[in-house]
J.: 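I have a structure here, written as structure tokens, and I will follow up with some questions on it.
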Amino acid sequence: FCGIIATAGCNDDGRSDDDVGGDTVETEPENGTESTPSEDETVEQSERNELVSVSTEGETVSAFAESTEETVREGTDSRGVIQTAIDHVEDGTVRLNAGTYTIDGKPLVAHSGVTVEGAGPSESILRLADGLHKDADTILFADGGSTTEPGVTIRNLAIDGNEAANREINPYPHMPPASGIIVQGEGVSVTNLRVYDTIRSNVVVEGANSELRELELSNSATDHWIYLADAVSCTVEDVEASGFIRGGGIVFGTSEQTCRDNTVRNVSIENVSAPPHEDTLPADPLSREFPLFVCQFRPVEDAGGNTLTDLEVGAPDGPFNHRILLAQPNATLSEVFFEGPAGYTHNVVQVGAPRETSDVQGAQIKNITLDVTDSGDRPNPAVVGILDSGATLEDIEIQGPVERHEGVSIDGRYRGVRDVRLQDASVDTERAALVADGRENPIAGLVVESFTDVAGSGVETHGDVSFETRDIDQ
């Protein structure tokens, strides 16, 4: 993303500032296959209707105004026809009848006041054209506009990123800005949407007060399933996610933008796999960095108060990182069931990060069950690692027996750790159930209460550690 590569004038999803918003999207194709609609093909703008139906037959796509029974536009350019229909209705509905609509060139932009609906995710499909490669772009922008505008509704569709036919791209982080859907502005509603096989993220959320529900997501070749970037007070719920990712699967936050008070709930993740650009991966699977995370609260400055709850993570489809990072203040991670290998290079659940911008003050991690298996034949970090101050962990269960991993570690390698509370925890591991390491920096104000060491493997402290224990059962 641009926040990482610091490209001037570039937004975090890889678009230039000139690429954002409906005013810059032309309704005419650039490939010369179709001219501007004639007067016989286009209804005057003063005769706009509340419903336009779009249908495809063979290579021809047509947009039909239901109330006047006139053709708004027809031709072979699906994007041009659908965009004309969207612009035509102003405050109404564009209905995509069953069929696959190829999007070639610029994105579709659904502006405020418009509903774009299909016949269902298995029936109405927006599909990126073959062979765009470096010229690929996002398929759909849902631009809700400002708080005074009526918002946008997207429902009952599928978006096919067709990344397998567009793999001749520059390596990360210089890929084309080809996400599935970008939600921006205020008050966007997305319901019953399937997004899959994208070059970049399946879904990007920007703006405020948007609601996304009933999402089926899979396969992001270079980024994420859900990316809450410049997002405030948005809700995403009822999500099924699977397949390959490169970065985090569900990500809160990005550099130099705001990500606050968003909620993601009721998420099922399964069969996570490595991304298709295998030349970016080390040969040793135990050293593989990608996928980075299944879920990530990024340690960026203007992020906090975000919530991820009701999360179920199934075992991944291969040996690589399979973990959750929480490194934001006042964040909540709760009601989690996690199945998979203990971290290859990091903890399964990591609270805090080495970065200076990491801040977990007021963070709540609660009701977490980790059914982990040993990874490889070498010792690895603890299943749960705490690297920063001020978090509360409650009702944590590490199921076992885990042979080669410590249970919970409070780690002072990067900074002093203070005022961490761990209560109602149960750990079943053959190595130390709890480790507090203050050799590099002090650990103080640690409270451990109602801690069960199932295997009797013990508690270890090193260096400058001050903590209070209540009811440790070994």
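The structure displayed is predicted, hence computed values, not measured ones. We count residues from 1, following the sequence as given.
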J.: Report the distance from atom CD of Gln296 to atom CG of Leu326, rounding to the nearest 0.5 Å.
T.: 10.5 Å
J.: What do the steps show when you test Asn306 against Gln328 for side-chain hydrogen bond (donor to acceptor under 3.5 Å, both in side chains), and what is the final call?
T.: CA-CA 8 Å; Asn306 297 302; Gln328 293 176 2; 2.9 Å; yes
J.: Taking all non-hydrogen atoms of both residues into account, name the closest pair between Ala110 and Ile86 and its distance.
T.: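 Looking at all heavy atoms of both residues, the closest pair is CA-CG2, 4.1 Å.
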J.: Is it the case that Asn202 and Ser220 place a side-chain donor and acceptor less than 3.5 Å from each other?
T.: no
J.: Is any side-chain heavy atom of Asp87 closer than 4.5 Å to a side-chain heavy atom of Thr84?
T.: no
J.: Check the pair Asp130 / Leu132 against side-chain contact (heavy atoms from CB on, under 4.5 Å), numbers first and verdict last.
T.: CA-CA 6 Å; Asp130 293 351; Leu132 296 177; over 6 Å; no
J.: Ignoring hydrogens and geometry, is there a side-chain-to-backbone donor-acceptor pair from Thr332 to Thr307 under 3.5 Å?
T.: no
J.: Output yes when a side-chain donor or acceptor of Glu149 lies under 3.5 Å from a complementary backbone atom of Ser146, and no otherwise.
T.: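 Judged by distance alone, yes, a pair lies under 3.5 Å.
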J.: For a quick check under 3.5 Å, do Thr309 and Ser334 share a side-chain donor-acceptor pair by atom type?
T.: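 Yes, because at least one side-chain N or O of Thr309 sits under 3.5 Å from a partner of the opposite role on Ser334.
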J.: Write out all pairs satisfying ring-ring contact (aromatic ring centres under 6.0 Å, His included) with one or both partners inside residues 119-140, taking only residues at least two apart or from two chains.
T.: none
J.: Among pairs that include at least one residue of residues 155-177, which meet salt bridge (charged side-chain N to carboxylate O under 4.0 Å, His left out), considering only residues two or more places apart or in two chains?
T.: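 Listed by first then second residue: Glu117-Arg155, Arg127-Asp160, Glu163-Arg167.
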J.: Please examine the side chains of Leu228 and Val264, heavy atoms only from C-beta on, and report whether any two atoms are closer than 4.5 Å.
T.: yes
J.: Taking the side chain as every heavy atom from C-beta outward, state whether Val408 and Leu393 have any pair of such atoms under 4.5 Å apart.
T.: no
J.: Should Asn271 and Ser242 be marked as a side-chain hydrogen bond (donor to acceptor under 3.5 Å, both in side chains) after you check the CA-CA gap, both sets of side-chain angles, and the distance that decides it?
T.: CA-CA 6 Å; Asn271 298 324; Ser242 63; over 6 Å; no
J.: Are the side chains of Thr254 and Asp230 in touch, meaning some heavy atoms are under 4.5 Å apart?
T.: no
J.: Taking side chain as C-beta onward, heavy atoms only, is Leu96 less than 4.5 Å from Tyr101?
T.: yes
J.: Is a side-chain donor or acceptor of Asn367 paired with a backbone partner of Glu394 at a separation under 3.5 angstrom?
T.: no
J.: Let me confirm one number: the CD1-CG distance from Ile139 to Leu128, rounded to the nearest 0.5 Å.
T.: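 Ile139 CD1 to Leu128 CG: 5.0 Å, rounded to 0.5 Å.
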J.: Within the 4.5 Å heavy-atom criterion, are Ser409 and Ile386 side-chain neighbours or not?
T.: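 SC-SC contact between Ser409 and Ile386 ruled out.
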J.: Under 3.5 Å, is there a donor on one side chain and an acceptor on the other for Glu237 and Asn266?
T.: no
J.: Asn156: which residues meet the side-chain hydrogen bond (donor to acceptor under 3.5 Å, both in side chains) condition with it, sequence neighbours left out?
T.: Asn192
J.: Which is it for Val204 and Ile181 under the side-chain contact (heavy atoms from CB on, under 4.5 Å) test, yes or no, and what are the steps along the way?
T.: CA-CA 6 Å; Val204 179; Ile181 180 173; over 6 Å; no
J.: Please report the shortest heavy-atom distance between Gly80 and Arg73, naming the atom on each side.
T.: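 For Gly80 and Arg73, the tightest heavy-atom pair comes out as O-NH1, 3.2 Å.
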J.: Output, in order, the C-alpha distance, side-chain angles, deciding distance and verdict of side-chain contact (heavy atoms from CB on, under 4.5 Å) for Gln83 and Val109.
T.: CA-CA 7 Å; Gln83 189 64 60; Val109 177; 4.1 Å; yes
J.: Let me confirm one number: the CG-CG distance from Leu140 to Asp143, rounded to the nearest 0.5 Å.
T.: 10.5 Å
J.: Nearest 0.5 angstrom please: Leu333 CG to Lys366 NZ, how far?
T.: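 That separation rounds to 10.5 Å.
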J.: State the CZ-CZ distance between Arg323 and Phe338, to the nearest 0.5 angstrom.
T.: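 Atom-to-atom, Arg323:CZ and Phe338:CZ are 10.5 Å apart.
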J.: For the backbone of Val383 and the side chain of His405, can you confirm whether one donor and one acceptor N or O come within less than 3.5 Å of each other?
T.: no
J.: Just to verify, what does Asp310 make a side-chain hydrogen bond (donor to acceptor under 3.5 Å, both in side chains) with, not counting sequence neighbours?
T.: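 side-chain hydrogen bond (donor to acceptor under 3.5 Å, both in side chains) list for Asp310, sorted by chain: empty.
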J.: Considering non-hydrogen atoms only, spot the tightest contact between Asp388 and Asp359 and give its length.
T.: OD2-N, 3.7 Å
J.: With rounding to the nearest 0.5 angstrom, report the CD to OG1 distance, Gln364 to Thr392.
T.: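 So the CD of Gln364 and the OG1 of Thr392 are separated by 4.5 Å.
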J.: Just checking, is any N or O donor in the side chain of Thr258 or Asp302 under 3.5 Å from an acceptor N or O on the other one?
T.: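 Note: Thr258 and Asp302 side chains meet the donor-acceptor criterion.
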J.: Is there a side-chain contact between Thr263 and Val236 (heavy atoms, below 4.5 Å)?
T.: no
J.: When you compare the side chain of Asp223 with that of Met175, does any pair of heavy atoms fall below 4.5 Å?
T.: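 Heavy-atom side-chain distance check passes, below 4.5 Å.
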J.: Please give me the minimum heavy-atom distance between Val54 and Ala85, naming the atom from each residue.
T.: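 Result for this residue pair: CG2-CB, 4.0 Å.
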J.: Using every non-hydrogen atom in the two residues, find where Ser112 and Asp91 come nearest and quote the distance to one decimal.
T.: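 Smallest heavy-atom distance, with atoms named: O-OD1, 4.0 Å.
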J.: Take Phe293 and Gln350, measure what side-chain contact (heavy atoms from CB on, under 4.5 Å) needs, and give me the verdict at the end.
T.: CA-CA 10 Å; Phe293 310 92; Gln350 182 176 315; 6.0 Å; no
J.: Taking ring-ring contact (aromatic ring centres under 6.0 Å, His included) as the definition, give me every residue that meets it alongside Phe244, ordered by chain and number, with sequence neighbours left out.
T.: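 Phe244 satisfies ring-ring contact (aromatic ring centres under 6.0 Å, His included) with no other residue.
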J.: For Asp197 and Asn162, test the side chains for any donor-to-acceptor distance below 3.5 angstrom and give the result as yes or no.
T.: no
J.: Looking at residues at least two apart in the chain, or sitting in another chain, which of them share a side-chain hydrogen bond (donor to acceptor under 3.5 Å, both in side chains) with Asp261?
T.: none
J.: Is there a donor-acceptor pair under 3.5 Å between the side chain of Thr138 and the backbone N or O of Ser179?
T.: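 Answer holds: yes.
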J.: Looking at Asn166 and Gly161, what are the two nearest heavy atoms and their distance?
T.: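 Distance-wise, the nearest heavy atoms are ND2-O, 4.5 Å.
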J.: With distance as the sole criterion, is a donor-acceptor pair present between the side chains of Ser53 and Glu66 under 3.5 Å?
T.: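 Indeed, the side chains of Ser53 and Glu66 share at least one donor-acceptor pair under 3.5 Å.
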J.: Is a side-chain N or O of Asn347 found less than 3.5 angstrom from the main chain of Val349, in a donor-acceptor match?
T.: no
J.: Is a donor on one side and an acceptor on the other found under 3.5 Å between the side chain of Thr357 and the backbone of Pro299?
T.: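 Side chain of Thr357 to backbone of Pro299: a pair is present.
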